[in-house]
Peer 1: 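Got a structure for you, questions after.
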Amino acid sequence: MDALLTKSEEKLATTKQKISGSEALLRCLVEENVEHIFGYPGGAIMPVYDALYHYADKLTHLLVRHEQGAIHAAQGYARVSGKTGVVFATSGPGATNLVTGLADALIDSTPVVCITGQVFAHLLGTDAFQEIDVINTTLPVTKWNIQVTEAKDIAPAIAKAFYIAGSGRPGPVLVDITKNAQNELTEEFEYVPCKAVRTYKPKPVLQKEQIQEAATLINNAKRPYILAGQGILLSGATQELISFSEKTGIPVASTLLGLGGFPTNHPNYVGYLGMHGNYGPNINTNQCDVLIAVGMRFDDRVTGNVSKYAKQAKVIHIEIDKAEINKIIKADVIVHADAKDAVSELSKLCNRNRHTDWIKTFTDLNQEEFEKVVQKEILNTNSLKMAEVVHMLSELTKGEAVVVTDVGQHQMVTSRYYKYRNPRTNITSGGAGTMGFALPAAMGAKVAVPHKQVIAIIGDGGYQMTIQELGTIMQYKIPVKILVLNNNFLGMVRQWQQLFHGKRYSFTEMDNPDFVKIAEAYKIPGAKVTEQKNLESALIKMLDSTTSYFLEVVVEKEDNVFPMVPAGAGVSEVILEIPKTNSL
């Protein structure tokens, strides 16, 4: 012992406790107020799981049945709660099984921190057992990633990971920790939350001159139109958007991921945008004189043929991610800012107004859609249709349930017919279009909001991609409701084959198992509906269940989703039915 140390300092030095890198990691998560972890153990992350054994009172871990299920569950958890989801996985295939979910989370702006185990540092680059270069593998599908090879670097890496994942435009982050770093002892733990990263500016400073320029355009507009994206939800700007729309009288339409950001029962809400969106919002995109895009990125499913998109309009783009500005649609006024800040300030400078006649044009167009499409689907008396099921579910839940959809026809039908009233109640895979998303995402969502009704609406194709997560639902008794709309087809692909490929149904028809028996094997009660007369009572029974519940509804096999913007068409070329010549 150094002779310069006092006796008290000597005593402190000799009793100073060291902890393993694994325990340091878990303490970091506790400091970040993490409550739930979705994961799957393996050799390279075993030290972390050994330490986790002693943290049962602080951290709840849910053992999934596949790593893809883990990250989708974390996504559902994050999307409904606004918190950052957390995932554990081992090296090699454990880590690569996360890639689909990482890609999904990146494009849909979902904050997730994935922690993967890795082989010992001295084995890196030797093709050791279950060694894969996870950093370079996940670089294109993460907002940030890092490999940690020493225990002392774990806490700073985790702090930075949570900061980057949850700030600015949220996204997935991956921290890869070698096994020696998990085992090593490090000095007594001290966690310092990350508050800033040099060169990373997640929240741009609002420029008042940009707001003034936007307000001038809006105040002089005759036919202004708001396109509300997920940025409204991510920034918590629902009330600000409602106030802005009510003051200015501007109609509001929602993107797929923006649904729930503006209540569907509001008189200024005019519908859902996109390839299978409502008729009025699509047609009037090419009729407005000022287009105000808030927290959306002009995805191709919204714009259709870009060369035919809103050429008559001045475009105001409010967006936190500078990379999305002028990427697809050139903006006349750029507001590089957080949506909540921008809409709040913009509202102060905009005149009180009403656009009654302009809103009526949406109403008239949507009435045409109702007569040609909607009433035939929800008032159909011949066979069960997806729209009828979703419409009835919406009525029974008053639009207040958390609805998690997979990808396909059922997703588009749900987006059209479920009348979302509240923020963070529409959970779906948007940009990536990941089949298999819904079941694990609904599981994670229910863990996040156990007091809310959470319903997974899934097609028979996507359901079977992650059906093994019924085991997780069974083990942890997660009372999520599962509604499978079964048409024995990969329905969306089949629709395109019908319309564009001469009804050549190439490998889209499915022979399915007895879904109810599978659910019962996982101790989940279930039922099957094949007739309209039994639908309402079956839905009520599902909703009233205090446990998880599975309901299969056999729907019309060749049911199509309309309206539809055909491939290569502009949004104003949206069709309401199959043309008589079927010459699409």
Side-chain angles (χ1 to χ4, degrees), residues 204-229 231-232 235 237-255 258 261-262 266-271 273 280-298 302-303 306-320 324-366 570-572:
V205 177
L206 188 67
Q207 302 296 316
K208 294 295 179 67
E209 60 272 19
Q210 294 177 349
I211 295 294
Q212 182 61 66
E213 195 176 351
T216 300
L217 267 183
I218 293 168
N219 287 335
N220 291 318
K222 301 298 182 185
R223 299 181 305 281
Y225 182 22
I226 297 170
L227 310 185
I232 295 295
S235 65
T238 291
Q239 288 305 316
E240 285 74 11
L241 182 61
I242 292 172
S243 297
F244 176 58
S245 175
E246 289 178 347
K247 179 181 180 181
T248 60
I250 301 176
V252 179
S254 290
T255 66
F262 193 88
H266 193 284
N268 287 359
Y269 181 74
V270 293
L273 289 162
N282 278 316
I283 293 289
N284 277 349
T285 296
N286 285 359
Q287 297 298 320
C288 66
D289 58 359
V290 173
L291 191 68
I292 309 154
V294 188
M296 55 88 75
R297 58 186 181 84
F298 290 108
V302 166
T303 64
V306 173
S307 68
K308 302 178 181 181
Y309 186 80
K311 292 301 179 183
Q312 79 295 336
K314 296 290 185 181
V315 176
I316 300 168
H317 195 179
I318 300 171
E319 173 58 48
I320 198 169
E324 297 293 351
I325 298 172
N326 287 335
K327 186 174 82 174
I328 297 170
I329 299 296
K330 187 180 184 303
D332 296 279
V333 176
I334 294 167
V335 182
H336 181 213
D338 173 80
K340 185 172 185 176
D341 294 345
V343 174
S344 180
E345 287 301 311
L346 190 58
S347 188
K348 296 174 185 177
L349 299 180
C350 287
N351 298 333
R352 191 166 295 281
N353 207 336
R354 296 181 68 191
H355 291 283
T356 308
D357 292 343
W358 170 229
I359 289 178
K360 186 177 184 298
T361 66
F362 287 90
T363 305
D364 292 345
L365 288 166
N366 286 339
V571 289
S572 60

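Since the structure is predicted, the reported quantities are computational estimates derived from the model, not experimental observations. This chain uses plain numbering: 1 for the first residue, then up along the sequence. Every heavy atom of this structure was used, including side-chain atoms; hydrogens, water molecules and symmetry mates were not.
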Peer 1: Just by modelled atom types, is the Lys222 backbone N or O under 3.5 Å from a matching donor or acceptor in the Asn353 side chain?
Peer 2: no
Peer 1: Mind listing the closest non-hydrogen atom pair of Ile211 and Ala342 along with its distance?
Peer 2: CD1-O, 3.8 Å
Peer 1: Is the shortest heavy-atom distance from the side chain of Phe262 to the side chain of Ile232 under 4.5 Å?
Peer 2: no
Peer 1: Distance-only, no hydrogens or angles: does the Ser347 side chain make a donor-acceptor pair with backbone N or O of Val343 under 3.5 Å?
Peer 2: no
Peer 1: Just so I know, are the side chains of Phe244 and Ile226 near enough to count as touching, which here means a heavy-atom distance under 4.5 Å?
Peer 2: yes
Peer 1: With distance as the sole test, does Asn366 use its side chain to make a donor-acceptor pair with the main-chain N or O of Gly280 at under 3.5 Å?
Peer 2: yes
Peer 1: Which heavy atom of Ile359 sits nearest a heavy atom of Gly249, and at what distance?
Peer 2: CD1-O, 3.6 Å
Peer 1: Check whether any side-chain heavy atom of Asp289 sits under 4.5 Å from a side-chain heavy atom of Pro224, and report yes or no.
Peer 2: yes
Peer 1: Any side-chain to backbone donor/acceptor pair from Thr238 onto Gly261? Under 3.5 Å, distance only.
Peer 2: yes
Peer 1: Measure across Arg297 and Ile328 and return the closest heavy-atom pair with its distance rounded to 0.1 Å.
Peer 2: O-CD1, 3.7 Å
Peer 1: So how far is it from Lys348 NZ to Ser243 OG, rounded to the nearest 0.5 Å?
Peer 2: 12.0 Å
Peer 1: For the backbone of Val315 and the side chain of Asp332, can you confirm whether one donor and one acceptor N or O come within less than 3.5 Å of each other?
Peer 2: yes
Peer 1: Determine whether Tyr309 and Lys311 make a side-chain contact, defined as any pair of heavy atoms from C-beta on separated by less than 4.5 Å.
Peer 2: no
Peer 1: Going by the side-chain contact (heavy atoms from CB on, under 4.5 Å) test, name the single residue among Thr361, Val571, Val270 that passes it with Asn284.
Peer 2: Thr361
Peer 1: Would you confirm whether Asn268, through its side chain, and Pro251, through its main-chain N or O, come within 3.5 Å as a donor-acceptor pair?
Peer 2: no
Peer 1: Does the His336 side chain pair with the main chain of Ile320, one donor and one acceptor, at a distance under 3.5 Å?
Peer 2: yes
Peer 1: OG1 of Thr248 to CD of Glu246: how many Å apart, nearest 0.5 Å?
Peer 2: 9.5 Å
Peer 1: Are the side chains of Lys360 and Thr356 in contact, using a 4.5 Å heavy-atom criterion?
Peer 2: no
Peer 1: Would you say Gln207's side chain and Val205's backbone share a donor-acceptor pair under 3.5 angstrom?
Peer 2: yes
Peer 1: Going through the checks in order, is the side chain to side chain donor-acceptor pair (under 3.5 Å) test met by His317 and Glu324?
Peer 2: CA-CA 9 Å; His317 195 179; Glu324 297 293 351; over 6 Å; no
Peer 1: Between CZ of Phe362 and CD of Gln287, what distance do you get to the nearest 0.5 Å?
Peer 2: 9.5 Å
Peer 1: What are the two closest non-hydrogen atoms of Asp338 and Ser235, and how far apart are they?
Peer 2: OD1-CB, 3.3 Å
Peer 1: Does Thr285 reach the side chain of Leu273, with side-chain heavy atoms less than 4.5 Å apart?
Peer 2: yes
Peer 1: Within this structure, what is the CZ-CD distance for the pair Arg223 and Gln312, rounded to the nearest 0.5 Å?
Peer 2: 7.5 Å
Peer 1: Is the side chain of Thr216 donor-acceptor paired with the backbone N or O of Gln212 at a distance under 3.5 Å, no angle test?
Peer 2: yes
Peer 1: Which atom pair, heavy atoms only, marks the closest approach of Ala339 to Gly231?
Peer 2: CB-O, 3.8 Å
Peer 1: Which heavy atom in Leu346 sits nearest to a heavy atom in Ala215, and how many Å separate them?
Peer 2: CD1-N, 3.6 Å
Peer 1: Got a second to check how far Tyr225's OH is from His355's NE2, nearest 0.5 Å?
Peer 2: 14.5 Å
Peer 1: Using modelled atom types only, decide if a donor and an acceptor are shared between the side chain of Thr255 and the backbone of Gly258 within a distance under 3.5 Å.
Peer 2: yes
Peer 1: Distance from Leu217 atom CG to Ile316 atom CD1, nearest 0.5 Å?
Peer 2: 5.0 Å
Peer 1: Might you work through the side-chain contact (heavy atoms from CB on, under 4.5 Å) test for Ser254 and Tyr269, ending with a clear yes or no?
Peer 2: CA-CA 8 Å; Ser254 290; Tyr269 181 74; 3.5 Å; yes
